[in-house]
> 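Got a structure for you, questions after.
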Number of protein chains: 2
Amino acid sequence: MTVTNDDTAQYLIKTVSKRSGVKSDLVRAWERRYQAVSPVRTSGGHRVYTDQDIARLKLLNQATNNGHSISQIAQLSLDDLKQLIKNESITNALEPAVNETSIRDKYQIAEDYNNKCYAAVLAFDAQALESHFENAIVELGSEAFIELLLSPLLSKIGERWKTGELRPVHEHMTSSVIRSLTYILRNNNPCPANAPRMIVSTPIGQLHELGALLAAIMAELCGWQITYLGANLPAEEIAAAVKYTNACALTLSISFASEDNIVAKELRRIKKLIGNDVTLIVGGRAASHYQGVLSEIGVPNIQGYSHFKEILKQLADQHHKTTNG
Amino acid sequence: MTVTNDDTAQYLIKTVSKRSGVKSDLVRAWERRYQAVSPVRTSGGHRVYTDQDIARLKLLNQATNNGHSISQIAQLSLDDLKQLIKNESITNALEPAVNETSIRDKYQIAEDYNNKCYAAVLAFDAQALESHFENAIVELGSEAFIELLLSPLLSKIGERWKTGELRPVHEHMTSSVIRSLTYILRNNNPCPANAPRMIVSTPIGQLHELGALLAAIMAELCGWQITYLGANLPAEEIAAAVKYTNACALTLSISFASEDNIVAKELRRIKKLIGNDVTLIVGGRAASHYQGVLSEIGVPNIQGYSHFKEILKQLADQHHKTTNG
DNA sequence: AATATTTTGTCTATGTTTTGTATAAGTTTG
DNA sequence: CAAACTTATACAAAACATAGACAAAATATT
């Protein structure tokens, strides 16, 4: 697991000593004599160390206890030191291992995670799924996480659900995990002060919320301020939320095509209730099935990830013009 | 333009000192020397602080007690501070809490937050609600947060929903905010290796998930490994989840009493499907309405917070005996 | 093997910075 | 008016800094 490399967290020598196990005097001596660490200084001259320095000193301490001479290892890289310690515990070989991280393509990484995540969904292992997601966010970044991992994964789940490989409960579990992830994603890029507001939900009868969740996360990443309502809400409730928040857009996800015309009815009612000042966006696997109603009420059908992003951008620009101009 | 700056919460330095545990003089010194906080001023020059400032000072106090130098951490963001404390508390988890706020004060603080949170719900302000929750978790700790704030708040929302002061959509919004909070709470106390597993959901027809969410959070805090499924699931799906995860308990929340006998039927079916090896727990505002079925299938009715906790403890003990003995 | 040299951890002496607290004198608040 | 707040300054303990000394251990040389 990649530990959050806190550039922010900085320590004075006492803390470093306590945590690395190397006495303060010795830490200074190692710096003076062999440049084992290179702490920055406060304006008053006190040494300020990073987490990396602590890790380094810890390893150096271990290595010297193993019989290594400090002068010989003081300047090794962190990776080399790790290698050293590791080899020690097995054999006595002290080859300076070349530690070159293989440069893999993001697509490859995303695909790997995709398989792992899908396996976790199939095995109904929520903890594993969350852990994979967390790692993927760190490794890929929010943007690529959504575009290369989350979006394809949800499509896959949608398909497999139809074939019967997955049950509804698999989707519920996955939704639940993703919902708690929104907290990380939101904190990764805090939304700007006067961001445009948007409501995200699914109309009544539409119980699947994965599509809506994806839309909400995407929009949040594009700088929108989202109020997410979950699935299966009647037109009046959705419209009330739009009114309460003074949102300038409403996104609905439709993933299941039913032959009764409840969804069509609801869409018409929603459009009527929110009026023309609020932009209605409809996406999802089954949105095209309602092409008729959608064009009737003047709602463009979303053609996938980049199309949705483009529309969001356009609307945001429009919003800023009307509020700032 | 209401940004994160809380217009509502305003405290003078004495209150801040009491609640954060940092003496008034020191609060001023930290501001003067390191800009640790930036309170606004009254027209007469008195400092006025927000809930966020209190949370911040509380965390700074904790961090300095852990050996961090105030000058090095004073300007860290709230999230970074939380991270710092979290990483630290893993290593020295068994420290006697020096700066414990008295129980009586906690009640008062919780009540204040309760009012603010309810106001945010009423105003349909998801951002404010989340922010209040976050601050409250820092100030009260996870346990008191649930017992003194979340639990009463959800009861209040349940009541006001019946009187018509709140709409269904208010509840949806609140659920959504709380769901994303589960991430923080889960990370505050990571669950032990061989924790007993539990499924949490609501039966079909029960659309309100606040009670289920509360149950899930409580159980997680008691050391259980939870798979949360959301609301409105048919018996077969819930039973499938129990089977997949090999859970030893299933908790259902019932908050709405309906005259049709769908819930009763579902409860009987669930009991049949999961058998006697899996403990079924039923709680929620309307659970007592189904007393008949519940005693028929041998399910005790939950009598509130401490009762639920007690049952959880009992089951966990039982689980550990059967797995370790 | 005996002797010399280098490495390495620790210690001392002396001065500076950091940090919590205290005091004095004036201002705001209820 | 009293209580609580303000600023400004002062002060002392704790922590850190540098420079150099010193002895045990490791290594090299005779």
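Within every chain, numbering begins at 1; the chains are lettered A, B, ... in the order of the sequence lines, protein sequences first and strands thereafter. Here the structure is a predicted model, which means the values were calculated and not measured. The figures that follow rest on heavy atoms only: side chains count, while hydrogens, waters and symmetry mates do not.
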> Using nucleotides 14-19 of chain D, report all nitrogen or oxygen pairs with the protein that are shorter than 3.5 Å.
{"from": "D:dA15", "atom 1": "OP1", "to": "A:K14", "atom 2": "NZ", "distance (Å)": "2.7"}
{"from": "D:dC16", "atom 1": "OP1", "to": "A:K14", "atom 2": "N", "distance (Å)": "3.1"}
{"from": "D:dA17", "atom 1": "OP1", "to": "A:R47", "atom 2": "N", "distance (Å)": "2.6"}
{"from": "D:dA17", "atom 1": "OP1", "to": "A:R47", "atom 2": "NH1", "distance (Å)": "3.1"}
{"from": "D:dA17", "atom 1": "OP2", "to": "A:R28", "atom 2": "NH1", "distance (Å)": "2.2"}
{"from": "D:dA17", "atom 1": "O5'", "to": "A:R47", "atom 2": "NH1", "distance (Å)": "3.4"}
{"from": "D:dA17", "atom 1": "O3'", "to": "A:R41", "atom 2": "NH1", "distance (Å)": "3.4"}
{"from": "D:dT18", "atom 1": "OP1", "to": "A:R41", "atom 2": "NH1", "distance (Å)": "3.3"}
{"from": "D:dT18", "atom 1": "OP1", "to": "A:R41", "atom 2": "NH2", "distance (Å)": "3.0"}
{"from": "D:dT18", "atom 1": "OP2", "to": "A:R47", "atom 2": "NH1", "distance (Å)": "2.9"}
{"from": "D:dT18", "atom 1": "OP2", "to": "A:R47", "atom 2": "NH2", "distance (Å)": "2.7"}

> Within 45 degrees of the ring normal and closer than 6.0 Å to the centroid, is that where the cationic atom of B:R160 sits relative to B:Y118?
yes
> Is a salt bridge present between B:K116 and B:D125, judged by a nitrogen-to-oxygen distance below 4.0 Å?
no
> Starting from P on D:dA12, measure out to CG on B:L26 and report it in whole angstrom.
19 Å
> Can you tell me if the side-chain N/O atoms of A:T42 get under 4.0 Å from OP1 or OP2 in C:dT18?
yes
> Can you tell me if B:Y11 and B:D53 form a side-chain donor-acceptor pair at under 3.5 Å?
no
> Tell me: OH of B:Y11 to C1' of C:dT29, nearest whole Å?
20 Å
> Starting at atom CD of A:Q10, determine the distance to atom P of C:dT18, rounded to an integer number of angstrom.
15 Å
> It should be established whether A:T64 places a side-chain nitrogen or oxygen under 4.0 Å from OP1 or OP2 of nucleotide C:dT8.
no
> Kindly say whether B:L129 contributes a backbone atom to a donor-acceptor pair with the side chain of B:H132 at under 3.5 angstrom?
no
> Is a donor from one side chain sitting under 3.5 angstrom from an acceptor on the other, for B:Y113 and B:E139?
yes
> Name the closest nucleotide to the A:R33 side chain, picking from C:dG9, C:dT21, C:dG20.
C:dG9
> Just to verify, which of A:V37, A:D51, A:T50 counts as forming a side chain to side chain contact (heavy atoms under 4.5 Å, CB included) with A:R56?
A:V37
> Look at B:Y34 and C:dT19 and indicate whether a side-chain polar atom (N or O) is within less than 4.0 Å of OP1 or OP2.
yes
> Can you tell me the distance, in whole Å, between the NZ atom of B:K23 and the C1' atom of D:dC5?
18 Å
> Go nucleotide by nucleotide along DNA chain C from the 5' end; which of A:S43 and A:Q72 gets its closest nucleotide reached first?
A:Q72
